[in-house]
Amino acid sequence: MNPSSLCSLQTFPPISHSALLYRHRKPAHDSTAGVRRRAPYVVCAERSSRASTRSADDYHATLKALKSRGRFPRKSLGQHYMLNSDINDQLAGAAGIEQGDVVLEIGPGTGSLTNVLLNSGAYVLAVEKDKHMAALVSERFSSSGKLKVLTEDIVKCHVRSHMSSLVGSTYSKSRNAKVVANIPFNISTDVIKLFLPMGDIFSEVVLLLQEETAVRLVVSSLRTPEYRPINVFVNFYSEPEYKFKVPRTNFFPQPNVDAAVVSFKLKLPSEYPHVSSTKSFFSMVNSAFNEKRKMLRKSLQHICTSLEIEEALTSIGLLATSRPEELTLDDFVKLHNLIAKE
């Protein structure tokens, strides 16, 4: 076994079809990026009233776990360990984790969230870049029979391959698989771009993000500086929802900013807005925002003539002088389908 790719020595017991039956949910409706949303009701995570018999992953437990490996949080990896088990409970609760769910966790660290997920009855695939932390988590939960730890960089990880080997042919028929993670703030965009297009594998992605990023992803409105290509991307593939705020005092070491939990309900591929090519579509969106102050008839001239762009814009009810921050997801889709030349 290659230690650079897999630290865990235990394997999952067979996952039955009954444990992976499709869980019905309300069908996703196309979200329109840029439509002004109601400002999130921001609340801080509160202490859970649920009784628990497991040991708490608090400050002392975290330090003890790190010391056992001769480790200290690495700034280069963006490591900030959660000290509040109640917040981990709420993070798992936001994802609606139930017995038999399959969960992919990013960066388990000392295993505080992993502990909650396993106690909720989930099968956990944990991807940890730090080989020392991967070994620690593998040892800590070696007797669970429901944990597999990969020592890999999540942004370079072959997620589809690992998920396929985890649950075999049943995963493609299931909507149970979820992503739940407290991720380093510096890889937030990479993680979002990696997982949101995987609606055929995962039903939901629940992430603990930097609060400013969380708010910008969920509530950015048209004609504001915060409205960017990532908003179009997020709404193309998912329905985002701001869950709750997590004060910075709950982390070790303490970051300079607060955090927040966001849930992304992933759309099935059949629910994506219809475009002839997603690659071409997002290339057009990125080009439009690369020169944000310019009118679209100027910034998209590499696709077709200014006159053709003006005609396309007016045909969908927009001004010929429109700029990218004035277009909703639906507007971008219509514009692309009119001017894209395959």
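Numbering of residues begins at 1 and proceeds along the displayed sequence.
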A.B. asks: What residues, two or more places apart in sequence or in another chain, satisfy ring pair (Phe, Tyr, Trp, His ring centres under 6.0 Å) together with Phe264?
C.D. replies: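 None.
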A.B. asks: Only counting residues at least two apart or in another chain, list the ones meeting side chain to side chain donor-acceptor pair (under 3.5 Å) with Thr249.
C.D. replies: none
A.B. asks: Could I get the full list of side chain to side chain donor-acceptor pair (under 3.5 Å) partners for Thr305, not counting sequence neighbours?
C.D. replies: Glu308
A.B. asks: Identify, with sequence neighbours excluded, every residue that meets salt bridge (Lys or Arg N to Asp or Glu O under 4.0 Å) alongside Asp153.
C.D. replies: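 Only Lys129 meet the salt bridge (Lys or Arg N to Asp or Glu O under 4.0 Å) criterion with Asp153.
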A.B. asks: Can you give me every donor-acceptor pair (side chain of residues 317-325, partner residue at least two apart or in another chain, under 3.5 Å) with its distance?
C.D. replies:
from   : atom 1 : to     : atom 2 : distance (Å)
Ser322 : OG     : Leu319 : N      : 3.4
Ser322 : OG     : Leu319 : O      : 2.7
Arg323 : NE     : Arg293 : O      : 2.8

A.B. asks: Kindly write out the residues that satisfy salt bridge (Lys or Arg N to Asp or Glu O under 4.0 Å) with Glu291, not counting sequence neighbours, or none if the list is empty.
C.D. replies: Lys294
A.B. asks: For Pro255, give me all partners under side chain to side chain contact (heavy atoms under 4.5 Å, CB included), at least two apart in sequence or on another chain.
C.D. replies: His80, Phe185, Arg248, Phe251
A.B. asks: Residues two or more places apart in sequence or in another chain: which of them pass side chain to side chain donor-acceptor pair (under 3.5 Å) with Gln301?
C.D. replies: Ser306
A.B. asks: For Ala181, enumerate each residue passing the side chain to side chain contact (heavy atoms under 4.5 Å, CB included) test, keeping only those at least two apart in sequence or located in another chain.
C.D. replies: Ile106, Ile183, Leu207
A.B. asks: Taking side chain to side chain donor-acceptor pair (under 3.5 Å) as the definition, give me every residue that meets it alongside Glu326, ordered by chain and number, with sequence neighbours left out.
C.D. replies: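 In terms of side chain to side chain donor-acceptor pair (under 3.5 Å), with neighbours along the sequence ignored, Glu326 is linked to no residue.
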A.B. asks: Checking side-chain contact (heavy atoms from CB on, under 4.5 Å) against Lys178, which of Val206, Ile97, Val102 comes through?
C.D. replies: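 Going through the options one by one, the only one that passes is Ile97.
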A.B. asks: Only counting residues at least two apart or in another chain, list the ones meeting side chain to side chain contact (heavy atoms under 4.5 Å, CB included) with Ser315.
C.D. replies: Leu338
A.B. asks: Verify whether one side chain among Asp331 and Thr328 offers a donor that lies under 3.5 Å from an acceptor in the other.
C.D. replies: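 Short answer, yes.
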A.B. asks: Would the distance check show the side chain of Asn119 and the main-chain N or O of Asn115 forming a donor-acceptor pair, the cut-off being under 3.5 Å?
C.D. replies: yes
A.B. asks: What about Leu217 and Tyr227, same hydrophobic cluster or not, with Ile/Leu/Val/Met/Phe/Trp/Tyr joined at side-chain heavy-atom distances under 4.5 Å?
C.D. replies: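 In one cluster with Leu217: Tyr227, yes.
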A.B. asks: For Arg228, what residues pass the side chain to side chain contact (heavy atoms under 4.5 Å, CB included) criterion, not counting sequence neighbours?
C.D. replies: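 Only Arg216, Ile230, Asn231 meet the side chain to side chain contact (heavy atoms under 4.5 Å, CB included) criterion with Arg228.
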A.B. asks: Using modelled atom types only, decide if a donor and an acceptor are shared between the side chain of Ser138 and the backbone of Ala134 within a distance under 3.5 Å.
C.D. replies: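 Side chain of Ser138 to backbone of Ala134, a donor-acceptor pair under 3.5 Å: yes, one is there.
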